[in-house]
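Taking it in order: structure first as structure tokens, then the write-up.
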Number of protein chains: 2
Amino acid sequence: MAAGAQPREADAAWDIIELLFFAYRDFVGDPDAVLLKYAFGRAHHRVLHFVNRNPGMKVADLLDILNITKQSLGRVLKQLVDQGFIVQKEGAQDRRQRLLYATAKGEALSLKLAHLQTERINRAFGELGPGAHEAARRFLTAMIDSDNREGVLRQIARADRAKTRG
Amino acid sequence: MAAGAQPREADAAWDIIELLFFAYRDFVGDPDAVLLKYAFGRAHHRVLHFVNRNPGMKVADLLDILNITKQSLGRVLKQLVDQGFIVQKEGAQDRRQRLLYATAKGEALSLKLAHLQTERINRAFGELGPGAHEAARRFLTAMIDSDNREGVLRQIARADRAKTRG
DNA sequence: AATTTATGTCAGCCATGTTGACATATTTTG
DNA sequence: CAAAATATGTCAACATGGCTGACATAAATT
């Protein structure tokens, strides 16, 4: 396409755009039914997920990951703490920090939800050939903002270590 | 894992779960900046997208795709119509229907947003080898509810024909 | 003629995002 | 040490986009 020209129909990756929409919709839809029973929403799910994956994370780090304001986070975090899914502990080095940890109850719920989504993922990989997992990982990684990719991968690796260690 | 056992840490596909979260976040983030200038949100984007892709679609079909109530749709649809991005025409066979069409203005905006997302997709495929597009398409398709997959694929194929014809 | 269907609308509620202002405790810095 | 910066929390108000329930209209179907 010449510089400055309007995009034509055929230039758009309609298939991927729409498949991503539907795939993501079903993917996040799985946990919704379970969350309903706890009177929680997707916001709670996201918070619980990342706290469980990164035990002892700072509130500021969570805000960065979720990309929301502290006021928005505050509301759902308070509910999760009040209902015993998450605890906050004063930082050892920096006592201003309120480090976040999932309780046993919180971890159980987080795992339950992750397992639901994992079933969908494994079902998909089972239908596709070997190498599908690696291909999906590479595709999704390449879809992330390049100036963010490193951080995300580091975060995932760090979380894997943290949870394997524990 | 034995039947009835609790899911263990290692059983969860953490990498895919989190990569999908971040990839989708960046993917839908691209259009947001543009939509801001029109005082539109993601709800408007979704409506405009599917109407543009499926000229003459029924309101009921749009509701099925978006999986929202007619009241929710009504709000954003009214704004899109009032501002000249979408028109509604009485059905020829069934005059109860209000068939939906994107105007030239609506098509231009829809294409602009799709092009933004396509740039990200093509950038990703450019970084990966050949076959990445096909692999992504297969992965995303397999992630969709199996009892829905056929319908989604048919819908995409139909839309391709409709827009290529026009 | 009666019923069903496609669509629209009013009213109100809820979840979750936002901004702005301000408070408190703690750490860091000049 | 005093002052400034940082980490977190909180109050208040508001916007978006979901939801339910009730009801209205026109057109098609039975």
Side-chain angles (χ1 to χ4, degrees), chain A residues 21 24-25 28-29 31-51 54 56-83 86-101, chain B residues 21 24-25 28-29 31-33 35-51 56-83 86-101:
Chain A
F21 171 79
Y24 195 79
R25 181 139 82 68
V28 298
D32 283 358
V34 175
L35 289 163
L36 258 187
K37 296 191 298 185
Y38 294 82
F40 286 155
R42 282 184 203 168
H44 301 86
H45 184 190
R46 289 194 289 267
V47 169
L48 182 58
H49 173 97
F50 285 108
V51 169
N54 302 278
M57 79 187 306
K58 294 192 300 173
V59 169
D61 291 339
L62 186 52
L63 288 174
D64 277 351
I65 286 180
L66 297 178
N67 223 2
I68 58 175
T69 59
K70 61 179 172 179
Q71 294 91 331
S72 293
L73 173 60
R75 232 171 347 208
V76 295
L77 183 53
K78 189 176 189 313
Q79 296 174 310
L80 287 166
V81 169
D82 286 351
Q83 296 179 44
I86 289 179
V87 287
Q88 298 183 277
K89 297 182 188 173
E90 192 172 75
Q93 297 83 17
D94 188 334
R95 289 167 45 224
R96 289 170 303 183
Q97 297 172 348
R98 295 295 120 87
L99 306 184
L100 303 167
Y101 297 86
Chain B
F21 172 78
Y24 194 79
R25 182 141 80 68
V28 298
D32 283 357
L35 290 162
L36 257 186
K37 296 191 299 189
Y38 295 81
F40 286 156
R42 283 185 202 167
H44 301 86
H45 183 191
R46 290 193 289 266
V47 170
L48 181 59
H49 173 95
F50 285 107
V51 169
M57 79 186 306
K58 295 192 299 173
V59 169
D61 292 340
L62 186 52
L63 288 175
D64 277 351
I65 287 181
L66 297 178
N67 223 2
I68 58 176
T69 59
K70 63 178 172 179
Q71 294 92 329
S72 294
L73 172 61
R75 235 175 342 211
V76 296
L77 183 55
K78 189 176 189 313
Q79 296 174 308
L80 287 165
V81 169
D82 287 350
Q83 297 179 43
I86 289 179
V87 287
Q88 298 183 276
K89 296 182 189 174
E90 191 173 74
Q93 297 84 16
D94 188 334
R95 289 169 47 225
R96 291 171 302 181
Q97 298 172 347
R98 295 294 120 86
L99 306 183
L100 302 167
Y101 297 86

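Each chain gets a letter, A, B and so on, in the order the sequences are listed, and its residues count up from 1. These figures come from a predicted structure and were not determined experimentally.
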Report summary line: Closest of D:dA26, C:dT16, C:dG17 to the B:R96 side chain is D:dA26

Query raised in the report: In whole angstrom, what separates B:R42's CZ from D:dG18's P?
Result: 11 Å

Query raised in the report: Whole Å only: how far is the CG atom of B:L63 from the C1' atom of C:dT5?
Result: 14 Å

Report summary line: Picking from D:dG9, C:dT18, D:dA7, the nucleotide nearest the side-chain atoms of A:S72 would be C:dT18

Query raised in the report: A:Q88 near the nucleic acid: base, sugar-phosphate alone, or nothing, with a heavy-atom cut-off under 4.0 Å?
Result: sugar-phosphate

Requested in this report: Go through the N and O atoms of the side chain of A:R75 and the base of C:dG17, and report whether any donor-acceptor pair is under 3.5 Å.
Outcome: yes

Query raised in the report: Quick one: A:L73 CG to C:dA15 C1', roughly how many Å, whole number?
Result: 15 Å

Requested in this report: Could you tell me whether B:Q93 contacts a base, only the sugar-phosphate backbone, or nothing, with contacts defined as non-hydrogen atoms closer than 4.0 Å?
Outcome: sugar-phosphate

Query raised in the report: Taking C-beta and beyond as the side chain, do A:Q83 and A:Y38 meet within less than 4.5 Å on heavy atoms?
Result: no

Query raised in the report: Considering only C:dC10, D:dT8, C:dG8, which nucleotide approaches the side chain of B:Q71 most closely?
Result: C:dC10

Report summary line: Sorted by position of nearest nucleotide on DNA chain C, 5' first, the leading residue of A:D94 and B:Q97 is B:Q97

Report task. Quickly work out the A:L48 CG to C:dT16 P distance and round it to whole Å. Result -> 13 Å

Query raised in the report: Which is true for B:G74 with a 4.0 Å heavy-atom rule: it touches a base, it touches only sugar-phosphate, or it touches nothing?
Result: nothing

Query raised in the report: Relative to the ring of B:H45, is the ring of B:H49 parallel (under 30°), tilted (30 to 60°) or perpendicular (over 60°)?
Result: perpendicular

Requested in this report: Measure the distance from CG on A:L80 to P on C:dT16 and round it to the nearest whole Å.
Outcome: 10 Å

Report task. Answer with base, sugar-phosphate or nothing: what part of the nucleic acid does B:K78 contact at a heavy-atom distance below 4.0 Å? Result -> nothing

Report task. Indicate, with a heavy-atom threshold strictly under 4.0 Å, whether B:N67 touches base, sugar-phosphate, or nothing. Result -> sugar-phosphate

Query raised in the report: Does a distance-only test, which skips hydrogens and angles, find a donor-acceptor pair under 3.5 Å between the side chain of A:R95 and the base of C:dT26?
Result: no

Query - Whole angstrom value for the distance that separates C1' of C:dT7 from CG of B:L77 - result: 11 Å

Query - Distance in angstrom units between A:K89 NZ and D:dA7 P, rounded - result: 22 Å

Report summary line: Which of A:V87, A:V47, A:D61, A:L77 passes side chain to side chain contact (heavy atoms under 4.5 Å, CB included) with A:L100? Answer is A:L77

Report task. Please state whether the phosphate of C:dG17, meaning OP1 or OP2, lies under 4.0 angstrom from any side-chain nitrogen or oxygen of A:T69. Result -> no

Query raised in the report: Nearest-Å distance, NZ (A:K70) to P (C:dC22)?
Result: 13 Å

Report summary line: Value for CG (B:L62) from NZ (B:K70), rounded to nearest 0.5 Å, stands at 14.0 Å

Query - A:V76, nearest nucleotide to its side chain (from C:dT16, D:dA7, D:dA26) - result: C:dT16

Report summary line: Looking only at D:dA7, C:dT9, C:dT19, the nucleotide nearest the A:K58 side chain is D:dA7

Query raised in the report: Has A:H44 got a side-chain N or O lying under 4.0 Å from the OP1 or OP2 atom of C:dT16?
Result: yes

**Report entry** Selected nucleotide, minimal atom distance to B:A43 side chain, candidates D:dC19, D:dG18, D:dT8
**Finding:** D:dG18

Query raised in the report: Would you say the side chain of B:Q88 lies within less than 4.5 Å of the side chain of B:V59, judging by non-hydrogen atoms?
Result: yes

Report summary line: Assert: residue with more 5' nearest nucleotide on DNA chain C, out of B:A60 and A:I68, is B:A60

Report summary line: In short, A:M57 meets A:F50 closest at the heavy-atom pair SD-O, 3.6 Å

